[in-house]
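Okay, so here's the structure we're looking at.
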Amino acid sequence: MKAIRFRIRLISVLVIIIAVVLISKLYLLQIVHGEEFKDKADRQYVSNAGNLFDRGSIYFSDKDGNLVSAAGIKTGYTIAINPQKINDSDPGMLCDKIKKSVIEIDCPDFKLKAANASSTYKEIIKRVNEKEIQPVIDQKLSGVSVYKDKWRYYPADNLASHAVGFIAYNAKGNNLVGQYGLERSYEKTLERSSNGAFVNFFAEMFSNIEKSASSDQSLEGDVITTIEPTLQAHLEEDLQKIKTQYNSQNVGGLIINPKNGEIYAMAVKADFNLNEFGQEKDPGIYSNDIVESVKEMGSIVKPLTMAAGIDTGKLTAQSTYNDKGSVEVDGNRTISNFDKRGRGIITLQQALGESLNTGFVYVTNVIGNKTLADYFYKFGLGDKSGIDLPNEAKGLTDNLKSPRSIEYDTASFGQGIAFNPIVAARAISVLANGGYLITPHLARSVRYKLGYTKDIQYPIGEQVIKKETSEAVTRMLVTDFDQFFQKGKSKNPQYSIAEKTGTAQIALPNGRGYYEDKYLHTFFGYLPAYDPKFLVVLYTTDPRGAQYSSETLGPTFVELTKFLIDYYQIPPDR
């Protein structure tokens, strides 16, 4: 009896093993390698050009969660000739036959290549669609071959070009790899190899299923981003208007969720067409200025200084000081307000609303140089943000180690220290979200080739100021928008909006002083202010015809708030 039971169990185990193997094989055949076998079937009708290019896709996510292609694979055909097989016929007549369906073909070029009798292979035209290629195949023209082809395709052309990035041949010239943007950051996820699916299948079977995608990019998949395509297009249109109107050197902006770091839109103008990036004469245009360049951000730093003052318990919005229009520092240096005018005894709320440098020198003197530096480091101004894009520049904050007070006083209003706009967005988010550092990011999840999706986890970071401090500074910024910005004309009676402008001098390339006629305009705002869904950061370099960012960037911010409220149907909070 025991022997019978043993045999039954043994047979059952063998059946289960065989079933698992068969199911695995079917899964690999139909799901993982389905497209590959389809391509092989297609090659029964066209010539085999070797391994076809393959790569994972990148998707935008609209506000309803629907996926919109940002980068994918497009399929078409290449027409090539063997000059040795057509040199006795009329190349012109042959070209005319092809041109009946493939109208873009260049017949003079065709004749020139056909005349090269020493060659057996010359490409005539690439990326021909299926509708055009079928008549060429049907004619069975002697010396003419058709090869199936695949290539990287960006359906939205310029949209989010700096965030998405593109692929190009590596330094050795033998592999197409991600060179910028998400294409580069998620290269290991997006690349495809012939044995990758089998390796991935068994690796995943024996791996920790809870392992996050951000810590394991070895599995092949598609990247799903946080970029909302309609919002992205709207931001890009607004930025282009600013660049055109003020003839700016460049202009950039981003819209981020200050609570979890999801970036809904990010753009720099000028941009480029991802499908035609090779036509750009200046490779510098590929760099994402928001991530890769540091700037002295100006007065948008003042709320961070104010937060340090409030968080120490030494100051409040209603603390007063005597504004004389300027202040002597280190015995021989003078720091002045933008208009060099004194206002007498005023509150720090007024100093913030009118963006008076003297008010923030006063805050620094009250809390001390070291304390200011410590808070700025807590806000991450000297670090990278950790964004999932390549080549992020680290902030320049060595002035916060100086023995001279002038360095801390100028830093208090955003001069003498430099960091990139994404670091600025991260620091400002601390004011909006209750005091926590976040990790800005563009990728939300990875949809693996094996058929499942993993969210990319970005835990909330350290709390660097008290929640009460965050709320107090937010109230100050709301008062700024309601009463001081555009003299209160843009106040929204139904929505609380926090805001701060900035205008900074641009440093000379040699680092010795500043241009007298070049400025960086900056701007940030978030809404609804006390439970923010969106933080907007804007900047423009060397705009012409306007003195302050309230003129260049302010109207765009107000328009963006209205668009966000309507598009996302945000309920009023007033």
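Start at 1 with the first residue, then count along the sequence.
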| query | Charged N to carboxylate O below 4.0 Å: is that the case for R574 and D482? | reply | yes
| Is the gap between the ring centers of F277 and F166 under 6.0 Å? | yes
| message | Within the structure provided, determine whether P440 and I256 are in side-chain contact (heavy-atom separation under 4.5 Å). | response | yes
| message | Is it the case that the side chain of E276 and the backbone of Q279 share a donor-acceptor pair, with hydrogens and angles ignored and the cut-off at 3.5 Å? | response | no
| task | Report the C-alpha separation of S336 and S326 in whole Å, then their side-chain angles, then the decisive distance to 0.1 Å, and conclude whether the side chain to side chain donor-acceptor pair (under 3.5 Å) test is met. | result | CA-CA 4 Å; S336 302; S326 62; 4.6 Å; no
| query | Are the side chain of S549 and the backbone of T522 linked by a donor-acceptor contact shorter than 3.5 Å? | reply | yes
| Going by the angle between their ring planes, with limits at 30° and 60°, are Y286 and Y180 parallel, tilted or perpendicular? | tilted
| Considering residues, nucleotides and ligands other than Y436, do more than 12 of their heavy atoms fall under 6.0 Å from its OH? | no
| query | Does K466 reach the main-chain N or O of D311 with its side chain, forming a donor-acceptor pair under 3.5 Å? | reply | yes
| Should S355 and K500 be marked as a side chain to side chain donor-acceptor pair (under 3.5 Å) after you check the CA-CA gap, both sets of side-chain angles, and the distance that decides it? | CA-CA 9 Å; S355 204; K500 184 68 187 80; 3.0 Å; yes
| request: Could you check if a side-chain atom of V177 sits within less than 4.5 angstrom of a side-chain atom of I167, using non-hydrogen atoms only? | output: no
| message | With a 6.0 Å cut-off (strictly less than), is the heavy-atom count around NZ of K394, excluding the residue itself, greater than 12? | response | no
| said: Could you walk me through whether D573 and S496 satisfy the side chain to side chain donor-acceptor pair (under 3.5 Å) test, starting with their C-alpha distance in whole Å, then the side-chain angles of each, then the deciding distance to 0.1 Å, before giving a yes or no? | reply: CA-CA 7 Å; D573 69 336; S496 60; 2.4 Å; yes
| Can Y548 and F523 be said to form a ring-ring contact (aromatic ring centres under 6.0 Å, His included), step by step? | CA-CA 10 Å; Y548 302 114; F523 198 108; over 10 Å; no
| Minimum heavy-atom distance between R404 and D330, given as atom pair plus value | CB-OD2, 3.6 Å
| Is a donor on one side and an acceptor on the other found under 3.5 Å between the side chain of H521 and the backbone of Q547? | yes
| task | List the atom of S161, the atom of F272, and the distance in Å for their closest heavy-atom pair. | result | CB-O, 3.3 Å
| Side chain Y495, main chain I570, donor-acceptor under 3.5 Å | yes
| Which pairs, with at least one residue in residues 360-390 and sequence neighbours excluded, count as a ring-ring contact (aromatic ring centres under 6.0 Å, His included)? | Y321-Y362
| cation_pi(K63, Y567) dist<6.0 Å, angle<=45 | yes
| field | Neighbour count >12 (heavy atoms, 6.0 Å) for atom CD, E516 | value | no
| request: Please report the shortest heavy-atom distance between M306 and M476, naming the atom on each side. | output: CG-SD, 3.6 Å
| Is a donor on one side and an acceptor on the other found under 3.5 Å between the side chain of D282 and the backbone of G284? | yes
| field | Side-chain touch E236/D271, heavy atoms, less than 4.5 angstrom | value | yes
| task | Walk me through it: do E392 and S385 pass the test side chain to side chain donor-acceptor pair (under 3.5 Å)? | result | CA-CA 8 Å; E392 182 175 8; S385 71; 2.9 Å; yes
| Donor-acceptor contact below 3.5 Å, side chain D339 vs main chain R341 | yes
| request: Spell out, as yes or no, whether a donor-acceptor pair under 3.5 Å connects the side chain of E296 to the backbone of G416. | output: yes
| message | With heavy-atom distances below 4.5 Å as the criterion, would you say the side chains of I465 and S470 are in contact? | response | yes
| query | Got T225 and I263 here, is their nearest side-chain heavy-atom distance under 4.5 Å? | reply | no
| Sidechain N-carboxylate O distance under 4.0 Å for K378, D374 | no
| field | Carboxylate-amine/guanidinium proximity below 4.0 Å for K562 and E559 | value | no
| Can you check whether I58 reaches L190 side chain to side chain, under 4.5 Å on heavy atoms? | yes
| task | State whether the side chain of N433 and the backbone N or O of P258 hold a donor-acceptor pair below 3.5 Å, judged by distance alone. | result | yes
| said: Ring-plane angle category for Y568 and Y264, please: parallel below 30°, perpendicular beyond 60°, tilted otherwise. | reply: tilted
| message | So that I can tick it off, tell me whether E262 and R444 are bridged by a salt bridge, with the cut-off set at under 4.0 angstrom between side-chain N and carboxylate O. | response | yes
| request: Please list, chain by chain and in numerical order, all residues satisfying side chain to side chain donor-acceptor pair (under 3.5 Å) with S293, sequence neighbours excluded. | output: D289
| message | Is any side-chain heavy atom of I565 closer than 4.5 Å to one of L527? | response | yes
| message | Looking at E280 and I285, would you say the former's side chain and the latter's main chain have a donor-acceptor pair under 3.5 Å? | response | no
| message | I want to check something: taking the side chain as every heavy atom from C-beta on, are E354 and R343 in contact at a cut-off of under 4.5 Å? | response | yes
